[in-house]
Amino acid sequence: MSKLQGNTAIQRSEHRFAIITALPGLIALIVLVAGPLLYMFFNSLFIKTLAAPIPPQFNWFGNYGKVLSDSRFWNAFKNTMIIMGVGIPVQAFLGLTIALLLSKPFPGSRVIVAMFLIPVMITPIVSGFQWKIILNQRFGPMNYLLGILIGMEPKSWLAEPFLAMVSILIMDTWQWTPFVTVVLLAGLSAIPKQVYEASSVDGSTMWGTLWRVTLPLLKPMFTLVVLLRIIFIFKIFDPVYILTGGGPGISTETLSLLTYITGFKNFNVGITSTLAVVQLIAMVIIAKLFMKLVMGRKER
Amino acid sequence: MNREMLNRDELARKKRIKMILSIIRFLLIGIFLLIFMFPVYWIAIGAFKVEGEFYNFPPVFWPSQFSFENFERAFTMFNGTKGLVDSLIVAGANTVIVICFGVLLAYSMGRFKTGGDNLSFFVISLLFAPPVISAIPLFMIFRTLSMLDTYRVLYLSYILFNMPFGVWIMKGFFEDIPPGIEHAALLDGYSRWQAFRKYVLPLAVPGIAVTALFVFIFSWNEFLFALIFTRSSVETLTITLSGMIGGHQIHWGELSALSLVAILPGIILTLFFQKYLVRGLTFGAVKG
Amino acid sequence: MSEYLEIRNITKEYTPGKGINDVSFSCTEGSFTVILGPSGAGKTTTLSVLAGFLQTTSGDIVMNGHSIRNLKTRERNVSMAFEDYALYPTHSIFENIASPLRARKMDNETISKKVKAIAQLVGIDEHLEKFPSQVSGGQKQRTGLARCLVRDADVYLLDEPIAHLDAKLRHRMRGEFKRIHKELGKTMVYVSHDYREALALADMVIVMNKGSIVQIGPPEEVFSQPKNTFVATLLGDPPMNLVQFDHITVKNGTLSLIGKDFESSVKGCRFPDMKADGVSLGFRDFTVELVAKAGKNTIPGSVYVFEPIEDQIIFTISIAENRVRVRTPRNIKFDLNEEVHIKLNPETIHLFDNRSGDNLEYREE
Amino acid sequence: MGQVKLDKVWKLYGNFEAVKGISLEIHDGEFVSLLGPSGCGKTSTLRMVAGLEEISRGEAYIDGVLINNLDPGNRHVAMAYESYALYPHLNVFENIAYPLRVRKVPNAEIKSRVEEICDSLGISQYLTDFPSALSGGAQQRTGLARALIRPASVYLLDEVLSHLDATERTMLRAEIRRIQKLMDLTALFVTHDQLEALAMSDRIIVMNDGEIQQIGTPEEIYDTPANLFVAEFVGEPPMNIIRIQRKTEDRKNYLIVAGQKLDTAKLGLQWIPDLDNFFLGIRPKNINRSNNGIDGGISGQVHTYEMLGDHTLCSIDLGNNDLVFLIDTFDTQLDLDQPITISLTPENVLFYDMNSSELLHR
């Protein structure tokens with residue numbers, strides 16, 4: 001900021017240039033993005049519905065109390081946390097294993113890494129749909145393959161609450177482990193080769209080097225990838241909507257899904273807005289962490 | 001001489017261990033690759049199966065014959081053509097808007113620190129917010145403006161997540177360009193604007209192009225807003241797809257065929273722009 | 001010759017460690033001025049202020065009698081070569097050099113003629129069709145130099161223009177600079193951290209440290225009459241030796257030195273009579289001799305290490321806590337930790353105050 | 001004990017021959033430098049000794065033990081690196097302690113040994129700092145301390161001074177040499193800087209293109225370079241190499257230098273090669289500015305000159321852009337393009353063969 005606070009004519013003209021170039025984009029952002037968010041916060045203070053023509057009624061922070069005491073909110077919160085708590089560690093472990101396997105380049109390794117990455121950019125609803133086929137109880141290959149490999153009885157993956165959650169975790173792990181892998185690969189390639197050489201001349205074994213050198217040096221990348229995964233899981237909607245639709249019952253309903261259902265199935269504007277504000281606050285906190293992480297790294 | 005023999009033996013043993021380790025390594029890579037590629041393979045293979053093969057158990061892992069009738073039917077009977085065209089229109093228009101408005105803002109933020117950390121924080125917060133939270137206010141605003149079920153409603157609402165993304169990523173690209181370039185241009189006798197047009201923008205073109213590709217694919221893949229804001233006169237590919245799964249009978253073959261079409265842009269980005277993919281997905285935190 | 005470029009009391013408050021404070025100097029028309037200092041001295045900031053990338057907090061810049069402080073960069077008619085070249089990667093070497101001429105809307109023929117002439121002068125004429133990414137670091141540096149010199153500017157600013165070249169090329173370019181400057185006869189301000197460049201090229205050397213000017217003078221003067229220990233150790237390789245003493249006295253040209261464990265005296269000094277505490281004796285490695293026995297004008301020490309270099313030997317000698325370096329012919333032999341004596345030349349020694357670092361006999365003219 | 005022996009050692013990268021069958025020996029307590037330009041094979045050689053590169057062909061011994069197949073950790077070598085290679089996540093103490101921790105040395109002993117080595121290298125005040133907070137010099141001292149903390153047969157130093165600034169470089173150069181001499185260590189030092197090699201070594205091995213050009217003491221390398229490569233690589237500014245044509249008229253030998261005919265006897269040369277064409281090599285320090293008019297002088301004009309404090313470096317154009325450098329302590333100002341006459345110190349003149357570029361002996 002201090003660079004812009006000018007007093008000479010030149011500085012004023014620089015300042016003007018910076019503002020003029022920023023303006024079109026800034027206006028678009030504020031009108032289309034910030035405006036609705038403010039409107040949303042405003043709505044969260046009212047009892048308001050689209051289902052019936054009842055005039056909105058000001059309710060202070062009553063909606064917030066209602067949301068925070070609603071068991072369905074806590075159920076969605078719990079489900080979101082389960083996906084994070086189980087999915088992220090599993091993905092971190094698998095991602096690290098694959099990253100270590102791929103860390104030493106070999107002919108064609110770039111292509112292999114690119115193929116691994118395909119799940120990340122797949123249209124989300126398609127990934128929901130493809131797992132719906134694969135996990136199909138009657139003719140899906142999952143039951144077939146598990147049957148011949150470990151002799152498991154056919155399961156109705158999407159009809160039982162526990163298995164439905166497992167299904168979502170499988171899907172999420174499939175889609176995002178490769179992402180963890182490439183981020184960690186980037187971290188691994190940033191570790192100077194000479195540090196490994198120093199460790200081997202110093203007499204350390206392969207495992208010793210992994211524990212004493214590689215993993216500690218990957219820590220910032222782990223932090224980053226976990227943070228990003230938390231953000232993505234907060235956002236997750238399309239594949240869950242397609243795969244389980246939150247069911248059976250509400251056993252796999254996530255926060256995003258709950259917000260959608262409250263808004264566009266039940267048309268409860270006040271409560272939906274409240275749910276949205278709560279999630280926005282969580283995101284702002286995470287964004288702050290991300291900024292700290294990214295900015296902190298730049299300084300080093 | 002004896003010592004040399006010993007050494008030979010040891011060398012051979014070492015070579016053997018090394019070979020076994022590398023076999024295990026490639027075996028594991030192969031297994032993981034198989035697992036992670038399988039769902040994509042299943043979609044691809046499904047697109048070419050004939051109707052009956054879907055309901056076989058054990059499942060058909062390699063169809064007896066490759067048929068294109070699923071594609072044909074998806075495009076003629078299941079609205080696939082409209083889905084494709086509408087997705088192209090919406091994603092294309094949104095990309096143009098986001099890049100045009102975003103480039104200058106990104107340059108201003110990247111070079112002059114316009115808005116400082118506060119604006120950066122604002123942008124990144126918007127980037128992280130789940131889109132579903134803006135759905136209700138946007139829906140109410142668009143309804144009041146009678147914009148529901150138009151092309152406009154989609155390519156405008158996609159600005160919500162694509163603009164913060166585009167600005168953030170392009171800001172990073174501009175920061176990578178050394179300020180000396182502009183200083184040199186100013187000394188040469190050009191104005192700020194000329195320096196930007198003549199020397200900075202051409203340098204940023206690759207970054208902007210990749211950002212545009214990202215923005216396009218995010219629009220292309222979008223489902224939630226399309227589900228809420230449009231009904232019948234506009235129907236993007238993701239809506240067409242979800243429509244096929246929603247009815248009484250699921251048309252697996254046609255669904256697979258159209259899905260294959262839907263995931264193509266993403267696969268192309270992945271295979272050809274791997275370096276930028278990591279940068280994009282980590283919001284610039286990892287510079288690939 | 002009049003003062004062509006005058007910098008008056010410039011202060012630039014900036015991120016910590018990068019600003020400059022009350023900097024004033026002037027350059028005559030056609031002169032070659034070298035700003036010398038370590039990294040973080042404020043050299044590049046000074047150039048940026050002259051070029052107009054940075055605005056001064058206070059002070060004025062006068063060129064040819066007019067203040068240019070409130071002119072934008074492109075209105076100042078200064079030209080600059082950058083340390084990191086700052087070439088336009090999207091344009092050919094030719095277009096890079098032509099850029100200042102294109103901005104002035106010159107016709108193609110004139111541009112082509114001028115670019116070729118300057119390219120030949122700096123020795124880049126064989127690579128004009130290539131792009132910056134296709135040429136070596138030395139060639140990039142020459143391109144940046146050509147772009148700087150191609151147009152008729154009032155002042156040329158050169159920011160470490162040969163810093164990234166290898167030793168041999170740097171040596172050659174130093175010589176070339178002298179010829180280029182003679183040929184063009186323009187006012188140039190040259191920034192460097194290498195004292196050799198300053199001694200070899202400058203009409204006037206400006207030594208900077210931590211954002212302030214330390215000493216201004218012709219190269220020989222800055223080398224042989226350093227204002228303080230900073231200047232004394234910045235110039236020369238190895239830098240000037242400093243030996244700390246608790247007390248000194250000078251009486252009738254006899255300097256008495258009292259250290260922790262020893263005393264010495266030097267006769268025939270040019271210093272006025274004085275008494276002082278906490279003083280360092282300064283001398284350059286090539287002005288002294290190493291002898292086995294104590295004698296006239298010697299101070300005792302022991303051999304810390306010795307290194308043969310070319311046809312000489314550099315001895316590092318411990319004198320109490322101090323280490324000094326002495327250059328001797330190859331036939332002088334002493335062993336590690338052996339006791340030796342340094343024979344001083346009373347004509348070429350300096351005295352510095354330990355606390356301020358100031359040269360005790362330096363007087364501002 | 002500390003002996004290294006390489007016997008016809010090769011390093012091949014595919015078809016590229018990085019090191020071409022070199023043989024050398026390093027004796028106990030000796031400081032040996034591998035000197036050469038980048039890509040000459042010196043670093044590959046060092047890395048083969050360390051075990052970081054496989055030896056493609058030939059045999060390497062440390063203390064008489066064949067090391068070709070040993071892991072780096074089992075070779076009794078310690079190493080310091082050009083870019084320090086410190087562990088970024090460990091502080092200075094833990095960096096230095098690392099080789100001991102790997103060997104499961106008890107904590108108390110680690111502490112005392114780290115403190116001792118840090119004392120002698122002057123980094124005691126940094127023990128709790130992380131590498132990124134240190135200056136280049138302090139980082140390299142840490143790297144050296146990590147190498148010196150454990151006994152090794154040979155200490156390998158890979159360009160350890162090249163990333164430091166001038167002051168730190170000269171300081172550390174002297175300290176490494178002192179520690180090596182006092183502790184009687186065997187060291188193999190890789191450098192591209194001829195000055196470092198001259199200053200620190202007992203012996204220097206000059207390499208180029210994967211082959212050894214010359215092995216000798218610093219004096220031998222500097223005074224009598226075995227070929228043109230060594231002559232031009234060692235010494236700053238490098239040795240002047242002048243193309244000479246010999247003519248015999250009236251039983252007197254004449255040398256034609258840049259079109260000037262010079263009388264051998266008047267030049268003071270005792271011997272000249274019995275060839276028609278050859279190169280003459282002379283160090284800039286051994287060229288003098290002679291008073292005008294003296295016979296045997298070579299005339300030219302000042303191309304450039306630089307006063308560098310204690311000496312002036314001057315390049316003289318003998319015509320046709322043939323430049324020679326000379327170093328002197330001129331008091332008088334010179335002008336560009338001023339005519340000048342120079343003479344050579346006869347006893348320092350060397351001759352080189354035009355085809356083989358080898359030194360010609362009497």
Side-chain angles (χ1 to χ4, degrees), chain C residues 38-39 166-168 171-183 193-202 218-220 222-224 233-240 284-287 303-318 323 325 327 330 335-337 348, chain D residues 37-38 165-167 169-171 173-182 192-202 204 217-219 221-223 232-238 283-286 302-315 323 325 327 329 333 335-337 348:
Chain C
S39 62
D166 68 47
K168 288 204 170 111
H171 171 71
R172 166 142 304 166
M173 282 303 284
R174 230 156 46 199
E176 296 299 328
F177 251 105
K178 218 176 179 104
R179 295 192 78 86
I180 289 171
H181 179 240
K182 192 187 171 196
E183 206 145 310
H193 69 276
D194 183 349
Y195 81 96
R196 289 180 189 85
E197 287 167 31
L199 291 186
L201 292 169
E220 314 83 63
V222 174
F223 186 77
S224 59
T233 51
L234 183 68
L235 284 86
D237 180 27
M240 185 182 280
R284 294 208 181 266
D285 62 328
F286 57 89
T287 63
V303 176
Y304 184 74
V305 75
F306 56 90
E307 305 165 288
I309 287 182
E310 306 199 333
D311 56 351
Q312 296 174 319
I313 298 179
I314 293 186
F315 279 89
T316 305
I317 307 292
S318 290
R323 302 270 148 71
R325 295 161 73 81
R327 221 188 290 185
R330 199 191 269 169
D335 231 344
L336 235 52
N337 296 335
T348 54
Chain D
S38 61
D165 69 34
T167 321
R169 194 179 319 162
T170 40
M171 260 164 59
R173 194 175 77 197
E175 275 166 50
I176 291 174
R177 179 59 164 157
R178 182 176 161 87
I179 290 174
Q180 182 265 332
K181 277 204 152 185
L182 288 178
H192 66 271
D193 185 337
Q194 49 95 23
L195 204 73
E196 283 169 12
L198 291 178
M200 299 169 77
S201 318
D202 294 315
I204 297 173
T217 63
E219 287 80 12
I221 300 275
Y222 182 78
D223 292 346
E232 287 185 305
F233 194 76
V234 176
E236 177 60 44
R283 297 238 172 247
K285 282 180 183 170
N286 300 323
V302 175
H303 182 69
T304 61
Y305 69 93
E306 305 169 48
M307 287 185 286
L308 295 171
D310 60 325
H311 67 275
T312 299
L313 178 59
C314 182
S315 62
L323 295 183
F325 290 95
I327 286 175
T329 46
Q333 276 278 350
D335 277 324
L336 298 187
D337 301 331
N348 296 111

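Letters A, B, ... are given to chains in the order of the sequence lines, protein chains preceding strands, and every chain is numbered from 1.
For the residue pair C:Lys178 and D:Tyr305, the shortest heavy atom distance occurs at NZ-O, 3.4 Å.
In terms of non-hydrogen atom pairs under 4.5 Å with chain C, the most contact-rich of D:Glu196, D:Arg173, D:Lys181 is D:Arg173. Note on D:Ser315, D:Pro237, D:Ser201, D:Ala174: by heavy-atom pairs under 4.5 Å with chain C, the leading option is D:Ala174. Between chain D and the options C:Tyr195, C:Phe223, C:Phe306, heavy-atom pairs under 4.5 Å are most frequent for C:Phe223. Counting heavy-atom pairs closer than 4.5 Å to chain D, the top-ranked of the candidates C:Asn337, C:Asp311, C:Leu336, C:Thr287 is C:Asp311.
Contact annotation for D:Ala166: neither backbone nor side-chain heavy atoms come within less than 4.5 Å of a heavy atom of chain C. Heavy atoms closer than 4.5 Å to chain C are found in the side chain of D:Leu313, but not in its backbone. Only the backbone of C:Val303 has a heavy atom closer than 4.5 Å to any heavy atom of chain D. Neither the backbone nor the side chain of D:Gln180 comes within less than 4.5 Å of any heavy atom of chain C. Neither the backbone nor the side chain of C:Asp285 comes within less than 4.5 Å of any heavy atom of chain D. With a 4.5 Å cut-off on non-hydrogen atoms, C:Glu197 does not touch chain D at all. With a 4.5 angstrom heavy-atom cutoff, C:Pro308 touches chain D via backbone and side-chain atoms both.
Using a cutoff of 4.0 Å between basic side-chain nitrogens and carboxylate oxygens, C:Arg284 and D:Asp310 are not scored as salt-bridged. For D:Arg283 and C:Glu310, the salt-bridge test fails: no basic side-chain N is under 4.0 Å from an acidic carboxylate O. Between D:Glu306 and C:Arg174 a salt bridge is recorded (basic side-chain N to carboxylate O distance below 4.0 Å).
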*Carefully, step by step, assess D:Met307 and C:Leu199 under the rule side-chain contact (heavy atoms from CB on, under 4.5 Å).*
CA-CA 6 Å; D:Met307 287 185 286; C:Leu199 291 186; 5.8 Å; no
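With hydrogens and angles ignored, the 3.5 Å screen pairs no side-chain donor or acceptor of D:Arg177 with any backbone N or O of C:Val305. Formation of a donor-acceptor pair under 3.5 Å by the C:Arg179 side chain with backbone atoms of D:His303 is found in this model.
Between D:Asp223 and C:Arg330 there is a side-chain heavy-atom pair separated by less than 4.5 Å.
Taking OG1 of D:Thr304 as the start and NZ of C:Lys182 as the end, the distance is 11.5 Å to the nearest 0.5 Å.
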